[in-house]
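Both counts, for ligands and for their atoms, begin at 1 and track the order of listing. Model, not experiment: these values are computed from the prediction.
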Amino acid sequence: MTIRTRFAPSPTGLLHVGNIRTALHNWLWAAKHGGEFWLRIDDTDPERSEERFVDAIRADLGWLGLNPHGQERQSERFALYEARFEALRAAGRVYPAYETQAELDLKRKIAAGRNLPPLYDRAALALTDADRARLESEGIAPHWRFKLEHETPIEWDDLIRGPQRFDAKTMSDPVIRRADGSWLYMLPSAIDDAEMGITHVVRGEDHVSNTALQLQMFDAMGATPPAFAHEALLTGSEGKLSKRLGSLGVEHFRGSGIEPEAVRALLARIGTSDSVEPVVEVATLIEGFDFSRFGRAPARFDEVELATLNARIVHQLDFARVASRLPNGMGAAEWAAVRPNLTRIDEAGEWWRVIEGPITADRDPADADFLAAAARIAASLDWSAEPWGALTAQLKAETGRSGKALFLPLRRALTGLDHGPDMKALVPLIGQTRTVQRLS
Ligand code: GLU
């Protein structure tokens with residue numbers, strides 16, 4: 001059996017970090033089993049769905065390296081939903097209801113006043129053909145509910161939450177279709193999961209009660225349900241469901257110099273018993289991914305942690321991986337020299353300017369003789385050997401300086417800065433001519 005997962009965003013906005021995490025976990029699970037990861041665009045609602053968000057979702061998944069094996073769009077599958085709907089209706093599992101929103105609200109208030117749960121009372125099931133004809137002649141179009149089967153408990157073994165049990169009697173028959181014929185999320189999703197041969201549904205725990213309802217839909221359609229993994233939701237670093245998380249997406253990450261490897265490494269492991277590490281190779285994440293590692297507590301997303309992880313990822317990236325994003329002329333040796341000092345790739349440009357010059361450097365008059373000696377020695381060195389070691393050794397012998405007094409004036413004169421990449425790696429790249437000029 002091919003393992004097949006799906007990521008099913010509604011294209012009503014940009015993906016945020018919570019969606020990205022769900023997509024990643026579906027992708028990892030499929031990859032781990034040599035299976036397939038599908039993108040399903042849940043665009044049944046034409047009012048709220050926008051093409052630009054469909055494009056953005058695809059582009060974001062591409063940037064993250066989570067490429068789907070295939071794609072479906074719910075807006076292209078209405079004929080299928082219609083057919084399944086008719087079959088369920090013929091089987092008595094969907095029924096028309098005529099209450100207005102105001103009537104339903106009133107029923108809920110009455111129930112609350114009696115200390116009863118706000119359950120739909122199934123009044124529509126008691127209507128006769130004549131009642132329905134009268135309501136429809138009054139111009140009231142029905143909406144449609146799925147009729148839950150009350151007798152058997154709803155049970156599944158959740159891959160993260162363990163054994164789950166719901167009593168259908170405590171749940172309202174869900175509305176699956178509006179009076180204007182448009183679909184709500186619940187039934188099309190179950191139809192697609194069945195039709196697309198989805199074997200595992202990985203989603204947030206806000207869908208747990210939907211799963212209970214959808215399991216009855218699978219059953220009513222004679223379909224085998226997928227396995228389910230409901231993850232604890234993501235929270236902000238402050239520990240609360242944070243509004244900010246909803247605005248953090250690929251655009252924000254890219255703009256902050258965050259690499260897709262860092263996003264993947266963090267989101268694969270937060271909320272699990274595995275420690276977050278700067279894992280560049282996705283194969284490592286795939287191998288270690290398992291729902292048994294997931295905890296029930298909310299996963300904390302911390303932007304500071306992401307930035308730190310990102311720096312540790314950048315320190316490992318090969319030249320070939322970053323070449324197209326470096327300044328013209330910057331090569332593998334320059335990348336290797338500056339990489340340990342970066343927190344993001346675009347900072348390489350600042351070091352490239354230091355290498356290429358011109359730079360401005362303050363000189364302490366007290367260092368004048370020292371730097372003049374340095375310039376003289378630099379001009380005499382064989383630059384193809386290891387010039388920094390030779391320069392500092394000769395200067396130390398000549399001037400008696402050591403430590404900071406030896407190194408800092410040189411670094412300042414050569415880079416204009418107090419801190420930076422290892423001078424041993426930098427000086428060969430600055431080259432003999434510029435080194436002598438800067439020291440003079
Ligand atoms: N479109 C639904 C959502 O974004 C899909 C949920 C699911 O994975 O079934 O919430």
Determine whether the side chain, the backbone, both or neither of Y185 has a heavy atom under 4.0 Å from any heavy atom of ligand 1.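 Within the 4.0 Å criterion, Y185 contacts ligand 1 through side-chain atoms alone.
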Would you tabulate the side-chain donor-acceptor contacts of residues 255-267 under 3.5 Å, counting partners in other chains and residues two or more places apart, or write 'none'?
{"residue": "S256", "atom": "OG", "partner": "H252", "partner atom": "O", "Å": "2.7"}
{"residue": "E259", "atom": "OE1", "partner": "R321", "partner atom": "NH2", "Å": "3.1"}
{"residue": "E259", "atom": "OE1", "partner": "R325", "partner atom": "NH1", "Å": "2.9"}
{"residue": "E259", "atom": "OE2", "partner": "R325", "partner atom": "NH2", "Å": "2.8"}
{"residue": "E261", "atom": "OE1", "partner": "R321", "partner atom": "NH2", "Å": "2.6"}
{"residue": "E261", "atom": "OE2", "partner": "R321", "partner atom": "NE", "Å": "2.7"}
{"residue": "E261", "atom": "OE2", "partner": "R321", "partner atom": "NH2", "Å": "3.0"}
{"residue": "R264", "atom": "NH1", "partner": "L64", "partner atom": "O", "Å": "2.9"}

After noting the C-alpha distance and the side-chain angles of F289 and W27, does the key distance pass the ring pair (Phe, Tyr, Trp, His ring centres under 6.0 Å) rule? CA-CA 10 Å; F289 186 78; W27 186 91; 9.9 Å; no
Taking atom CD of E287 as the centre, report whether more than 12 heavy atoms of other residues, nucleotides or ligands fall under 6.0 Å from it.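 Not more than 12 within 6.0 Å, no.
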Side-chain H-bond candidate by donor/acceptor type, W38 with E36, under 3.5 Å: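 Checked: W38/E36 side chains pair up, N/O donor to acceptor below 3.5 Å.
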Is it the case that the side chains of Y185 and N210 hold a donor-acceptor pair, with the cut-off being a distance below 3.5 Å and no angle test?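 Per modelled atom types, N210 and Y185 side chains form no pair under 3.5 Å.
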Answer yes or no: does an N/O atom from R40 fall short of 3.5 Å to an N/O atom of ligand 1?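 No; every N/O pair is 3.5 Å or more apart.
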I want to know if ligand 1 touches P9 in the polar sense, i.e. an N/O pair below 3.5 angstrom.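 Such a contact does not occur with ligand 1.
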Top protein contact for [atom], by heavy-atom distance:
atom	answer
atom 10 (O) of ligand 1	H207 NE2, 3.2 Å
atom 8 (O) of ligand 1	R6 NH1, 2.7 Å
atom 5 (C) of ligand 1	A8 O, 3.1 Å

For the pair W29 and F291, name the ring-plane relationship: parallel under 30°, tilted 30 to 60°, perpendicular over 60°.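 It falls in the tilted class, 30° to 60°.
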What are the atoms of ligand 1, with element, lying closer than 4.0 Å to any heavy atom of S189?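 Per the distance check, 9 (O).
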